[in-house]
Amino acid sequence: MNHAEEKETQTWLAILAGETVAGADPNIVFEAEALRAVLQCRLHPPQLNPNLLDNVIVQLQKEG
C-alpha cells in the first residue's frame, strides 16, 4: 500500500469511527458517513411512530 492509499484508508476509518478529518476527500467522507449511518441503524433501529409514518406515506402518494 502506498502512502496515498494508506492516508485514504486512515481517513475512511476515522470517519467511520465518527471523527472529523479536515481536508478529507468529499467522496471518502460521503462513503464512510453513509456506511456509518447504515451500521448505526442496524445496531440501533429507530423507533418509528406508525401514525406519523402513515401520514408521510399518504403525503408522498399525493405528491407523486
Give the C-alpha distance, both sets of side-chain angles, the deciding distance and a yes or no for side-chain contact (heavy atoms from CB on, under 4.5 Å) between Leu13 and Thr9. CA-CA 6 Å; Leu13 291 172; Thr9 300; 4.0 Å; yes

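- Within the model, atoms CD of Glu8 and OG1 of Thr11 stand 7.5 Å from one another, a figure rounded to the nearest 0.5 Å.
- Going from atom OG1 of Thr20 over to atom CD1 of Ile15 covers 8.0 Å, rounded to the nearest 0.5 Å.
- Taking CD of Glu33 as the start and CD1 of Ile28 as the end, the distance is 12.0 Å to the nearest 0.5 Å.
- The side-chain heavy atoms of Leu39 and Leu16, taken from C-beta on, include a pair separated by under 4.5 Å.
- A donor and an acceptor atom, one from each side chain of Glu63 and Gln59, are located under 3.5 Å apart.
- Here the shortest heavy-atom pairing between Glu6 and Met1 reads CA-SD, 3.4 Å.
- For the pair Gln10 (side chain) and Lys7 (backbone), a donor-acceptor distance under 3.5 Å is absent.
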